[in-house]
*Asks:* 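A single structure is presented below for examination.
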Amino acid sequence: QNIWFVDETSCYRVTVHTTLEGNTTTKPINGAILILNPRTGQVYLKIVHSSVWAGQSRLSQLAKWKTAEEVAALIRSLPLEDQPKQIICTRKGMLDPLETHMLDFPSITLRCSE
């Protein structure tokens with residue numbers, strides 16, 4: 001049975017710096033989505049470019065949806081025998097976006113590690 005761990009904790013990353021007026025601002029930097037297959041040791045690493053966040057609001061929520069979208073896209077690109085039977089996400093907030101994007105794959109069970 002194929003199991004994947006999905007980690008989106010480093011998907012949305014920012015640097016914090018101080019402006020000339022003394023205010024602090026955040027600037028998005030490149031992030032990564034990690035998908036680990038513990039049975040084979042295979043790691044899928046998807047880089048999320050900082051331009052994805054340009055002009056967007058609610059960025060931490062968008063990061064979860066972006067991760068779910070990328071996971072679904074990866075599963076679609078794989079042959080049937082390489083697709084996971086179970087996906088375990090590292091955060092509870094990832095379950096809802098994943099459930100929405102995984103409607104095409106009813107045989108894949110989703111759960112949270114928490």
Side-chain angles (χ1 to χ4, degrees):
Q1 164 172 340
N2 247 350
I3 298 175
W4 281 5
F5 286 100
V6 176
D7 180 27
E8 43 71 55
T9 52
S10 58
C11 181
Y12 172 61
R13 297 173 51 219
V14 294
T15 57
V16 180
H17 59 277
T18 310
T19 61
L20 294 172
E21 296 87 36
N23 300 328
T24 57
T25 60
T26 59
K27 180 183 167 199
I29 57 176
N30 290 351
I33 300 168
L34 285 168
I35 302 168
L36 174 70
N37 183 343
R39 181 141 314 172
T40 62
Q42 191 172 25
V43 175
Y44 297 99
L45 175 68
K46 172 70 177 159
I47 301 298
V48 181
H49 195 267
S50 57
S51 63
V52 168
W53 316 114
Q56 301 288 334
S57 57
R58 296 188 183 139
L59 297 177
S60 58
Q61 184 181 10
L62 178 63
K64 292 173 177 50
W65 285 93
K66 183 74 178 159
T67 301
E69 187 181 307
E70 293 295 341
V71 169
L74 176 63
I75 292 173
R76 280 189 189 91
S77 71
L78 291 173
L80 195 60
E81 62 271 5
D82 291 342
Q83 291 181 0
K85 300 288 178 271
Q86 186 176 45
I87 295 178
I88 301 172
C89 40
T90 55
R91 288 184 178 174
K92 199 183 295 182
M94 262 305 293
L95 276 179
D96 188 43
L98 261 178
E99 284 171 358
T100 305
H101 279 284
M102 301 303 285
L103 289 174
D104 298 342
F105 308 101
S107 61
I108 298 175
T109 58
L110 304 171
R111 67 187 195 95
C112 191
S113 63
E114 293 174 342

*Asks:* Is M102 reachable from M94 through a run of hydrophobic residues whose side-chain heavy atoms are each under 4.5 Å from the next?
*Replies:* yes

*Asks:* I need the minimum non-hydrogen distance between E8 and T67, along with the two atoms involved.
*Replies:* CB-OG1, 3.2 Å

*Asks:* ring-ring contact (aromatic ring centres under 6.0 Å, His included) with Y44: which residues, sequence neighbours excluded?
*Replies:* W4

*Asks:* Let me confirm one number: the CD1-OG1 distance from I33 to T9, rounded to the nearest 0.5 Å.
*Replies:* 10.5 Å

*Asks:* For the atom pair CD1 (I3) and CD (Q86), what is the distance rounded to the nearest 0.5 Å?
*Replies:* 5.0 Å

*Asks:* Determine yes or no for a side-chain-to-main-chain donor-acceptor pair under 3.5 angstrom, with N2 supplying the side chain and D82 the backbone.
*Replies:* yes

*Asks:* Quick one: pull up OG in S113 and CG in D7 and give me the separation to the nearest 0.5 Å.
*Replies:* 9.0 Å

*Asks:* To the nearest 0.5 Å, tell me how far F105 CZ sits from L98 CG.
*Replies:* 11.5 Å

*Asks:* Please report the interatomic distance CZ(F5) to CG(N37), rounded to the nearest 0.5 Å.
*Replies:* 9.5 Å

*Asks:* Begin from the C-alpha positions of L74 and K46 and carry the test side chain to side chain contact (heavy atoms under 4.5 Å, CB included) through to its verdict.
*Replies:* CA-CA 10 Å; L74 176 63; K46 172 70 177 159; over 6 Å; no

*Asks:* Going by ring-ring contact (aromatic ring centres under 6.0 Å, His included), name the residues that satisfy it together with Y12, two or more places apart in sequence or in a different chain.
*Replies:* W53

*Asks:* Are L95 and V6 co-members of a hydrophobic cluster defined by side-chain heavy atoms under 4.5 Å apart?
*Replies:* yes

*Asks:* Could you tell me which non-hydrogen atom of P28 sits nearest to which non-hydrogen atom of S50, and how far apart they are?
*Replies:* O-CB, 3.7 Å

*Asks:* Closest heavy-atom contact between I47 and A32?
*Replies:* CD1-CB, 4.3 Å

*Asks:* Is there a side-chain contact between R76 and D104 (heavy atoms, below 4.5 Å)?
*Replies:* yes

*Asks:* Hey, does T109 have a side-chain heavy atom less than 4.5 Å from the side chain of R111?
*Replies:* no

*Asks:* Apply salt bridge (charged side-chain N to carboxylate O under 4.0 Å, His left out) to R58 and list each qualifying residue two or more places apart in sequence or on a separate chain.
*Replies:* none

*Asks:* For the OG atom of S107 and the NZ atom of K85, what is their distance to the nearest 0.5 Å?
*Replies:* 6.5 Å

*Asks:* Indicate if V43 and V71 have the same hydrophobic cluster label, given that clusters are the connected sets of ILVMFWY residues with side-chain heavy-atom separations under 4.5 angstrom.
*Replies:* no

*Asks:* Do L34 and I29 belong together in a cluster built from hydrophobic side chains that touch within less than 4.5 Å?
*Replies:* no

*Asks:* Is there a chain of hydrophobic side chains (I, L, V, M, F, W, Y, each step under 4.5 Å between heavy atoms) that links L110 to L36?
*Replies:* no

*Asks:* Which atoms form the tightest heavy-atom contact between A68 and H101, and what is the distance?
*Replies:* CB-CD2, 3.5 Å

*Asks:* Do side-chain atoms of Q83 reach the backbone of I75 as a donor and acceptor pair under 3.5 angstrom?
*Replies:* yes

